[in-house]
Q: 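Sharing a structure, written as structure tokens. Questions coming.
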Amino acid sequence: MRYALISDIHANLPALQAVLASIAARGEVDATYHLGDLVGYAPWPNETVDAIRTAGIAGVAGNYDSTVAADYKHCGCKYEDARQEELSHLSYGWTREYASRETKAFLAALPFRLDLRPHGGHAPGPRVILVHGTPTLNTLYWTEDRPDDFCLKMAAQAGASAGDMICFGHTHVPWHREVGGIHFVNTGSVGRPKDGDWRAGYVVLTVDGAVGVEVVRVEYDVERAMEGIRRSELPDDFAEYLRRGGSPRPNTNTGGDT
């Protein structure tokens, strides 16, 4: 089986459209799943959800999805400075206001976790466990510098064993590691990368005896996305963030607001 895993679209419709076109052009993907955070930071929350619904892409709830759906007091995001916190609140308030009733209902219905059985549920075999942040919370950040002990603790929480795969997003930086025979895969971000590469990102996961993890980057109309942000009531800072691929300006720390 070969899965395309997309995460952290964050209402960036041009990036999503480019990624879906890339997946379709491969002609070798058996199914596509999303790992949450469909909305936030860009001006197409309803259009993004409509595109996911129309394409029939199943997935899990990100922290932005579950908090917008519940009209929670904040998005559960991480702040590294006062300006970042201010911008995050502006994005969240705008998204809560402009997300339609239908969009919020769709977000509210997303499960916290999905388990896939590439070899079928009638026989033992590896599982692909999909979450947004970690198996415990969709707000917890699972960065690449987490020690092996943390990975194994999360695997135990998920009931994972050797041969299984746990896939997640939330940090907007892709990475892959194997610990104790368990594969841990961060799929990066479609619509708001943070690794200094402005291109949209997703992962193709192959489960065929051995596990294959391919990180794919796709050019998209970033100028269209930036112009959409500038024409909206969202802060212009979000447009420049896309151009920089989340990398901070010189002597300025603006990353981390997932």
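The structure displayed is predicted, hence computed values, not measured ones.
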Q: Does any non-hydrogen side-chain atom of His119 lie less than 4.5 Å from one of Met1?
A: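 SC-SC contact between Met1 and His119 ruled out.
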Q: Check for me, please, whether Val131 and Leu152 land in the same ILVMFWY cluster - side-chain distances under 4.5 Å, paths through other members count.
A: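 Val131 clusters together with Leu152.
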Q: Give a yes or no on whether the backbone of Ser7 and the side-chain of His34 come within a donor-acceptor separation of less than 3.5 Å.
A: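 Such a contact is absent between His34 side chain and Ser7 backbone.
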Q: Closest approach of Val216 and Val218, non-hydrogen atoms and distance?
A: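 Taking every non-hydrogen atom into account, CG1-CG2, 4.1 Å.
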Q: Can you confirm if the aromatic rings of Phe168 and Trp175 lie within a centre distance of less than 6.0 Å?
A: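 Yes.
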Q: For residues Gly169 and Asn186, report the shortest heavy-atom separation together with the two atoms involved.
A: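 Gly169 and Asn186 have their closest heavy atoms at O-ND2, 3.2 Å.
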Q: Quick check against the 3.5 Å criterion: does His132 have a side-chain atom that pairs as donor or acceptor with the backbone of Leu35?
A: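 At least one qualifying donor-acceptor pair exists.
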Q: Is it true that Ile9 and Val222 fall in one hydrophobic cluster, defined by side-chain heavy atoms closer than 4.5 Å?
A: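 Yes: a chain of side-chain contacts under 4.5 Å links Ile9 to Val222.
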Q: Between the side chain of Arg96 and the main-chain N/O of Tyr72, is any donor-acceptor distance below 3.5 Å?
A: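 Yes, Arg96 side chain to Tyr72 backbone: donor-acceptor pair under 3.5 Å.
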Q: May I ask you to test the Glu240-Arg230 pair for a side-chain heavy-atom distance under 4.5 Å?
A: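 Yes, at least one pair of side-chain atoms sits under 4.5 Å.
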Q: Under 4.5 Å between any side-chain heavy atoms of Met154 and Arg146, yes or no?
A: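 Met154 does not reach Arg146 side chain to side chain.
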Q: Taking all non-hydrogen atoms of both residues, which atom of Ser232 and which atom of Ile229 are closest, and how far apart?
A: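 Smallest interatomic distance, heavy atoms only, reads OG-O, 2.7 Å.
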Q: Going by an N to O cut-off under 4.0 Å, is there a salt bridge joining Arg192 and Asp8?
A: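 Answer for the salt bridge query: no.
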Q: Please round to the nearest 0.5 Å and tell me the distance separating atom OG1 of Thr139 and atom CG of Leu137.
A: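 With rounding to 0.5 Å, OG1 (Thr139) is 4.5 Å from CG (Leu137).
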Q: Working to the nearest 0.5 angstrom, can you tell me the gap between Tyr3 OH and Asp30 CG?
A: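 Answer rounded to 0.5 Å: 7.5 Å.
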Q: Side-chain polar contacts of residues 11-28 - donor-acceptor pairs under 3.5 angstrom, sequence neighbours left out - could you list them?
A:
| from | atom 1 | to | atom 2 | distance (Å) |
| --- | --- | --- | --- | --- |
| Asn12 | OD1 | Ala15 | N | 3.2 |
| Asn12 | ND2 | Gly191 | O | 3.0 |
| Asn12 | ND2 | Tyr220 | OH | 3.1 |
| Gln17 | OE1 | Arg224 | NH1 | 2.9 |
| Ser22 | OG | Tyr202 | OH | 2.7 |
| Arg26 | NE | Glu28 | OE2 | 3.2 |
| Arg26 | NH2 | Glu28 | OE2 | 2.8 |
| Arg26 | NH2 | Glu214 | OE1 | 2.7 |

Q: Between Trp142 and Pro135, which heavy-atom pair has the shortest distance, and what is it?
A: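 Where Trp142 meets Pro135 most closely, the heavy atoms are CZ3-CD, 3.8 Å.
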Q: Do Val190 and Leu5 belong to the same hydrophobic cluster, where Ile, Leu, Val, Met, Phe, Trp and Tyr are linked whenever their side-chain heavy atoms lie under 4.5 Å apart, directly or via other members?
A: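 Hydrophobic grouping puts Val190 apart from Leu5.
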Q: How long is the gap from CG on Asn46 to CZ on Arg101, to the nearest 0.5 Å?
A: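 It is 12.5 Å, given to the nearest 0.5 Å.
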Q: Just wondering, do Tyr33 and Leu116 contact through their side chains at under 4.5 Å, heavy atoms?
A: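 Yes, their side chains come closer than 4.5 Å.
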Q: As a quick check of understanding, evaluate side chain to side chain contact (heavy atoms under 4.5 Å, CB included) for Ile6 and Thr187, giving each step before the final call.
A: CA-CA 7 Å; Ile6 63 178; Thr187 61; over 6 Å; no
Q: For Tyr98 and Trp94, take the angle between the two ring planes, folded into 0 to 90°, and tell me which bin it lands in: parallel under 30, tilted 30 to 60, perpendicular over 60.
A: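 Geometry flag for Trp94 against Tyr98: parallel rings.
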Q: Would Asp145 and Thr143 count as having a side-chain donor-acceptor pair, cut-off 3.5 Å?
A: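 On atom types as modelled, these side chains qualify, holding a pair under 3.5 Å.
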Q: Between Asn63 and Cys77, does the side chain to side chain contact (heavy atoms under 4.5 Å, CB included) criterion hold? Intermediate values first, please.
A: CA-CA 8 Å; Asn63 59 292; Cys77 305; 4.0 Å; yes
Q: Nearest 0.5 Å please: distance from the CG atom of Asp115 over to the CD1 atom of Ile166.
A: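 So the gap between those two atoms works out to 9.5 Å.
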Q: Can you tell me if Tyr64 uses its side chain to pair, donor with acceptor, with the backbone of Tyr92 under 3.5 Å?
A: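 Checked: pair present.
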Q: Is it true that Phe184 and Ile129 fall in one hydrophobic cluster, defined by side-chain heavy atoms closer than 4.5 Å?
A: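 Same hydrophobic cluster.
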Q: Before giving the answer on side chain to side chain contact (heavy atoms under 4.5 Å, CB included), spell out for Arg243 and Glu223 the whole-Å C-alpha distance, their side-chain angles and the decisive distance to 0.1 Å.
A: CA-CA 8 Å; Arg243 188 197 301 276; Glu223 294 296 333; 3.2 Å; yes
Q: Determine yes or no for a side-chain-to-main-chain donor-acceptor pair under 3.5 angstrom, with Asn138 supplying the side chain and Gly133 the backbone.
A: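 A pair under 3.5 Å: no.
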Q: Establish, yes or no, whether a centroid distance under 6.0 Å links the rings of Tyr241 and Tyr41.
A: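 Judged by ring-centre distance (under 6.0 Å), Tyr241 and Tyr41 do not meet the cut-off.
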Q: Check whether any side-chain N or O of Arg177 sits under 3.5 Å from a backbone N or O of Cys151 as a donor-acceptor pair, and report yes or no.
A: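 Side chain of Arg177 to backbone of Cys151, a donor-acceptor pair under 3.5 Å: no, none is there.
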Q: What heavy-atom pair brings Pro126 and Met165 nearest, and what distance separates the two atoms?
A: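 Nearest heavy atoms, Pro126 then Met165: CB-CE, 3.7 Å.
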Q: When rounded to the nearest 0.5 angstrom, what is the spacing between CG in Asp237 and OG in Ser91?
A: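 Spacing of CG (Asp237) from OG (Ser91) equals 11.5 Å.
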Q: Would you please indicate yes or no on a ring centroid separation below 6.0 angstrom for Tyr141 and His170?
A: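 Centroid distance His170-Tyr141: below 6.0 Å, so yes.
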Q: Any side-chain donor-acceptor pair under 3.5 Å between His176 and His183?
A: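 Yes.
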Q: Enter the distance from Asp50:CG to Ser100:OG here, rounded to the nearest 0.5 Å.
A: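 One gets 7.0 Å once the value is rounded to the nearest 0.5 Å.
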Q: Answer yes or no: is there a donor N or O on one side and an acceptor on the other, between the side chain of Asp164 and the main chain of Arg127, under 3.5 Å?
A: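 Checked: pair present.
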Q: Quick one: do His172 and Asp195 satisfy side chain to side chain contact (heavy atoms under 4.5 Å, CB included)? Show the steps, please.
A: CA-CA 7 Å; His172 300 202; Asp195 58 357; over 6 Å; no
Q: For the side chain of Thr48 and the backbone of Pro45, is there at least one donor-acceptor N/O pair under 3.5 Å apart?
A: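 Flag not set: sc Thr48 to bb Pro45 has no pair under 3.5 Å.
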Q: Among Val215, Val185, Val213, which residue satisfies the side chain to side chain contact (heavy atoms under 4.5 Å, CB included) criterion with Pro174?
A: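 Of all the options given, the one that passes is Val215.
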Q: Looking only at heavy atoms, what is the nearest atom pair of Pro43 and Leu234, with distance?
A: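 The pair with the smallest heavy-atom distance is N-CD1, 3.7 Å.
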Q: Considering residues at least two apart in sequence or located in another chain, which fulfil the salt bridge (charged side-chain N to carboxylate O under 4.0 Å, His left out) criterion with Arg2?
A: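 For Arg2 there are no salt bridge (charged side-chain N to carboxylate O under 4.0 Å, His left out) partners, ignoring immediate neighbours.
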Q: Is it the case that one hydrophobic cluster holds both Val29 and Leu114, taking links as side-chain heavy atoms less than 4.5 Å apart, direct or via other members?
A: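 In one cluster: no.
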